[in-house]
Amino acid sequence: MRGVCVRVIVWMACLLSLLNAPAALAGDEERKLEAVFIGRFASYVEWPDRPRERFVITLLDDNPFGKLLDDLYLDKRIHNKPIELRYATRLDQVGETDVLFITLSRAAARAEAIDYAQRNGILTISEIKGFAESGGVIQLDFVEQKARIKINHAAALRSGLRIGAPLLSIATVLRGERP
Amino acid sequence: MKHLVCIGLFLVAGVTLAADRAVQETNDYYRRPLDHLLTIETQAKAAVGSRSGDRDALDAEVPIDVITSAQLQSTGQTELTRALAVLLPGFNAPRPSIADGTDHAAPFTLRGLNPDQVLVLINGKRQHQGALLHNNGTVGRGTSGVDLNTIPLRAIERIEVLRDGAAAQYGSDAIAGIINIILKGYGQGSQASATYGRTRQGDGVTWQGGVFFSQPLAGDGFINLSTEWRDRGPTNRAGPDANDGGRINTHFGDADTQDGLLALNAEIPRGDTTLYAHGLFDNRRSSAGAFFRRAGDARNIAAIYPDGFLPLIEPKIVDYSATAGIRGLLENGTRWDVSYTHGHNDYHFYVDNSLNTSLGGATPTRFDSGATRYTQQILNADFSRRIGRHTLAGGYEFRAEHYRIVKGEPASYLLGPEDNFAYGAQGFPGFSPENEVSARRTAHALYGDLKYGVSERLMLDAALRGEHYSDFGSTVNGKLALRYRAHEDLLFRTSVSSGFRAPSLSQSHFSYTGSYRNSQEEAPQFWGNYAVDHPVARALGATDLKPEKSRHFTLGMVYQPAAQLTASADLFVTDIADRILPTGYIAGWNLATLSPQAAAVLTQNSIDGAVYFTNAIGTRTRGLDLRLDYKRELPNGAWLKLVGAYQRSRTTLTDINQAPGILGVDMTDLILDPFTRVLIEDSQPQDAIKLWTKYSTRDYDLVVNLNRFGEFSSVKGYDKITFAAKWTVDAEFAYRLAKDVTLAVGGVNLLDAKPDEWGETDDSLAGSGKVIRYSLYAPFGYNGAYYYLRLGVDF
């Protein structure tokens, strides 16, 4: 009887350890590519000089990456700066950042975030359709299982950002104002 | 005890190793050139079976296959059913011939069940079934299914196939699975294509031309239009008729079919709301032969056809569907979707090169034999809301159906004065005024779905759906699915659910009767199919049809040891009770123990024999699905992609309902003759292997598709005949002549495989060396090799 109890306890412990183990990394390749693109995009963008020791990437709203971004950018540098990742659920938590990855689902909330980013020289990235046309700088989406990049160049200029030719050359570039 | 600790340590270690691997893969991506990242093909995702968005194989709580547009194109097929038959294990699409209307709208099945036990969705919205009731001895006999060939291939982005019962989420028909066809949407380029092909024997000449045009709209909206013309010439594998001078007088092969197809898919986003619409239209003309009437046949009039005649059944089929809706997002994060869908199928029979013998020399030779029509309208309102890691969803659906039978012209069904038994248009006598029907049904459904994340790794999905149908009443069905991600690369899943299939209006109301006289002095005798509410059927014990009820169990796992390799295995069991079948021929001469009361009913109504539909049997289908997806990047930017699959399923009879007492016969005698038993249990391949391989470089793609179609059986007389499994090989070489121009050359069934022949039989027509050498159940047809050229232009 005692043996059965011990076995049950061990089984439960094993299961609980697994249930509580963080789903640290998504197996989803789209997520992996998105995580990579955030940093790679940033390396092709020039910001106005700003006196920060770290390069800051902030996720606004849901974090679909789990711990993937933390693990990926732990030992990376962008523009020769170490990378700091922040996670914000509200716009007023964003503060100073270089990149803002936006997962906000409501259009009005996104527009506020885009407006904030433009005023503060922040590179905005999102996977949400219509993002670039609505003033976001880089829209990353997947069509037939392949990544596509859409860049609102006018929005980038308004934010004081300069996007390098190698990135522009592989993207669909919107040069006009928002429709 | 030690074992337990080891297992625990193994699992925990596995989590760590999988996490390390994922970081390594992501780091590897990080080091690659930016433009190279755009060439990486990610795993296909699917939304079907979930109300919480797209997910890939490692996230799906139920087994799902995704067929991509590239895979469909690479088959060389111009029709969707034939493309799926070589890509999707368990999808069976035989090529019926000399089967009346079925020649022109061939049925398909999943997992060896019936065509009406598969739910088809277009962009997640229910697609209507065809009006045709398959009434001959083909796979799918006694059912009405969706006609997949009304959808232009170029309009399809992907096809999601849910391999599980899902009636608790989607309602009726989702028993063998769901096929969700996603039309090309955002971000697609315009394309034009032209295809020419023919069989090795020189027939079956196919011309296809199509244009897909995409117009981007503001906010990443789009209007996508597809148009296609498809002309598939007839094939003929009939042998010489020894009783007709050794000439080939019969048509046994593909019908001569022309389709004009249109498809629309559009989205207009405005802030948090999106207006959307999609639609399909197909106008088909088709022609195929009935059985040949020799010169001396009593059904012939030698003055008109001195050498006999081959009646041609030439239906005109119009099929269309349209969906319009609006979806949006509330301030609190609730997503909503309201839509209306209208679907219609008009199957109008015409017969040419024929005659009505009973009208004598005055007979016309071309007939309008009437039509069957089916209309479906659906109003749907859905909502879903994510609450943390949980998702709560629900909705309401109203469905209205209308089934009609329209009489043919009088000459098509009349029993004239001139002859004794050969009434109506030879080949396909018309529907008579007595057969006309206009039957309607409505259904209301309420449903809810809770996806509850017990932890990051354990997900529970519970669904409940209640429906009320105006004809048979109410039904409530539920589903419970569990998904446990033991590691980042290992998933276990299981589900139990109940389901149902509402009897189709065609099964309840199909009526197709004829008459004959033994001599001019006698009153006409009637025979045929009677609707279950027809007084004759009622007097013979027919009752309103009940829904087929199903129960499902699946247990499976997915293993993804690397991003390039995904393997899955799933076991399934599907029990179906009260399956609906047509009775055997209820006649005194056919059923030895037919009661005197039943015989009296026949006599009083001058009926030789009658057939009606009834809830007859229960079955169990058990099987196994294995999948393997592998891709590998090779030097010089080349890619190798491999999709392997194995499916095995076996359906067995488990229950036989009681026959109506008035008939005085048991259900086995009434329905389960050897033909019907084999049709249910053995007529479809018991297993299938698919191995699709694609090697891609910047300049060309090479695709090889290996198929094994498992053994199946058929009946000749009272003997069950088993046909051996066969392998086929398809291949395509597509060369990019310029950046936007591709020329493909390919072959289907390159090794010219044919199904086994019937062998020696006593039958006058069917058998080796006779007119009909192959079974109608042959899963890859009997055309042999087919070669094609395709030119594609992107613009």
Side-chain angles (χ1 to χ4, degrees), chain A residues 3 6-7 10-11 13-15 17-33 35-37 39-41 43-44 62 66-68 71-72 74-76 105-108 128-134 139 141-150 166-167 169-170 178-179, chain B residues 1 4-5 7-9 11-12 15 18-19 21-23 25-27 29-30 32 34-35 37-45 55-56 58-59 68-70 157-158 184-188 218-221 269 271-272 329 331 333 335 386 454-458 484-489 560 563:
Chain A
V6 171
R7 281 183 197 183
V10 171
W11 266 113
C14 287
L15 281 174
S17 69
L18 289 169
L19 291 182
N20 291 324
L25 299 164
D28 185 338
E29 273 191 297
E30 282 189 12
R31 288 282 174 239
K32 288 177 190 167
L33 282 172
V36 166
F37 272 120
R40 298 298 306 278
F41 288 156
S43 65
Y44 288 98
D62 286 344
K67 277 185 64 193
L68 184 61
D71 291 328
L72 175 64
L74 184 67
D75 57 353
K76 306 281 187 304
S105 47
R106 294 207 62 234
I128 294 169
K129 289 192 181 71
F131 181 73
E133 282 193 15
S134 62
Q139 179 180 325
D141 47 38
F142 289 83
V143 175
E144 292 196 326
Q145 301 164 249
K146 287 187 178 169
R148 293 198 187 182
I149 304 163
K150 191 180 272 189
L167 177 53
S169 68
I170 59 168
R178 55 200 284 184
Chain B
M1 184 68 188
L4 285 175
V5 172
I7 290 169
L9 289 173
L11 289 173
V12 174
V15 172
R21 180 178 56 73
V23 173
E25 285 167 358
T26 314
N27 273 315
Y29 286 151
Y30 199 87
R32 298 191 193 189
L34 200 56
D35 58 345
L37 295 177
L38 299 181
T39 67
I40 294 172
E41 192 172 294
T42 61
Q43 289 149 355
K45 292 190 170 187
R55 70 270 200 243
D56 60 23
L58 257 182
D59 263 334
T68 64
S69 168
E157 180 174 312
R158 67 176 188 275
K184 283 180 180 171
Y186 160 76
Q188 299 282 346
D220 289 339
D272 288 331
L329 179 70
E331 204 160 328
R335 295 188 180 277
R386 282 185 59 190
V454 181
S455 74
E456 291 280 351
R457 299 187 172 279
L458 184 62
Y484 175 60
R485 187 181 278 195
H487 296 167
E488 276 308 309
D489 53 13
Q560 192 181 73

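A note on names: the letters A, B, ... follow the listed sequences, proteins ahead of strands, and every chain is numbered from 1.
- A 4.5 Å side-chain heavy-atom check between Glu144(A) and Thr68(B) finds every atom pair outside the cut-off.
- The environment of Lys129(A) atom NZ is sparse: at most 12 non-hydrogen atoms of other residues, nucleotides or ligands sit within 6.0 angstrom.
- Taking both residues in full, the closest heavy atoms of Asp62(A) and Arg386(B) are given as OD2-NH1, 3.8 Å, listed atom of the first, atom of the second, then distance.
- Residues Ile40(B) and Lys146(A) approach most closely at O-CG, 3.7 Å, considering heavy atoms.
- Ranked by heavy-atom pairs under 4.5 Å with chain A, the list Gln188(B), Lys184(B), Glu157(B) is led by Gln188(B).
- Here the CG-OG1 distance, from Asp28(A) to Thr42(B), works out to 7.5 Å after rounding to the nearest 0.5 Å.
- Listed options Pro166(A), Gly130(A), Ser43(A) were ranked by heavy-atom pairs under 4.5 angstrom with chain B; first place goes to Gly130(A).
- To the nearest 0.5 Å, the span separating OG1 on Thr26(B) from CZ on Arg31(A) amounts to 12.5 Å.
- Within the model, atoms CG of Leu72(A) and CD of Glu25(B) stand 12.5 Å from one another, a figure rounded to the nearest 0.5 Å.
- Atom CG in Leu34(B) sits 6.5 Å away from atom CZ in Phe41(A) (nearest 0.5 Å).
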field: Chi angles and distances behind the side-chain contact (heavy atoms from CB on, under 4.5 Å) call for Val36(A), Arg32(B)
entry: CA-CA 10 Å; Val36(A) 166; Arg32(B) 298 191 193 189; over 6 Å; no
message: Between Arg158(B) and Gln145(A), is the side-chain contact (heavy atoms from CB on, under 4.5 Å) condition met? List the steps.
response: CA-CA 10 Å; Arg158(B) 67 176 188 275; Gln145(A) 301 164 249; over 6 Å; no
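- Among the candidates Ser169(A), Ser105(A), Ala35(A), the residue making the largest number of heavy-atom pairs closer than 4.5 Å to chain B is Ser105(A).
- For a residue to count as touching a neighbouring chain, one of its non-hydrogen atoms must lie under 4.5 Å from one of that chain's; by this rule Arg335(B) touches chain A with the side chain only.
- The contact between Val143(A) and chain B is made entirely by side chain atoms (from C-beta outward), counting heavy-atom distances below 4.5 Å.
- Put simply, CG on Leu37(B) and CD1 on Ile170(A) are 8.0 Å apart, with the number rounded to the nearest 0.5 Å.
- The side-chain hydrogen bond (donor to acceptor under 3.5 Å, both in side chains) with Tyr29(B) is formed by just one residue from the set Arg40(A), Glu29(A), Lys32(A); it is Glu29(A).
- Annotation: the span from Leu38(B) atom CG to Ile149(A) atom CD1 amounts to 4.5 Å, rounded to 0.5 Å.
- Judged by distance alone, the side chain of Asp272(B) and the main-chain N or O of Ala107(A) form a donor-acceptor pair under 3.5 Å.
- Neither the backbone nor the side chain of Leu74(A) has a heavy atom closer than 4.5 Å to any heavy atom of chain B.
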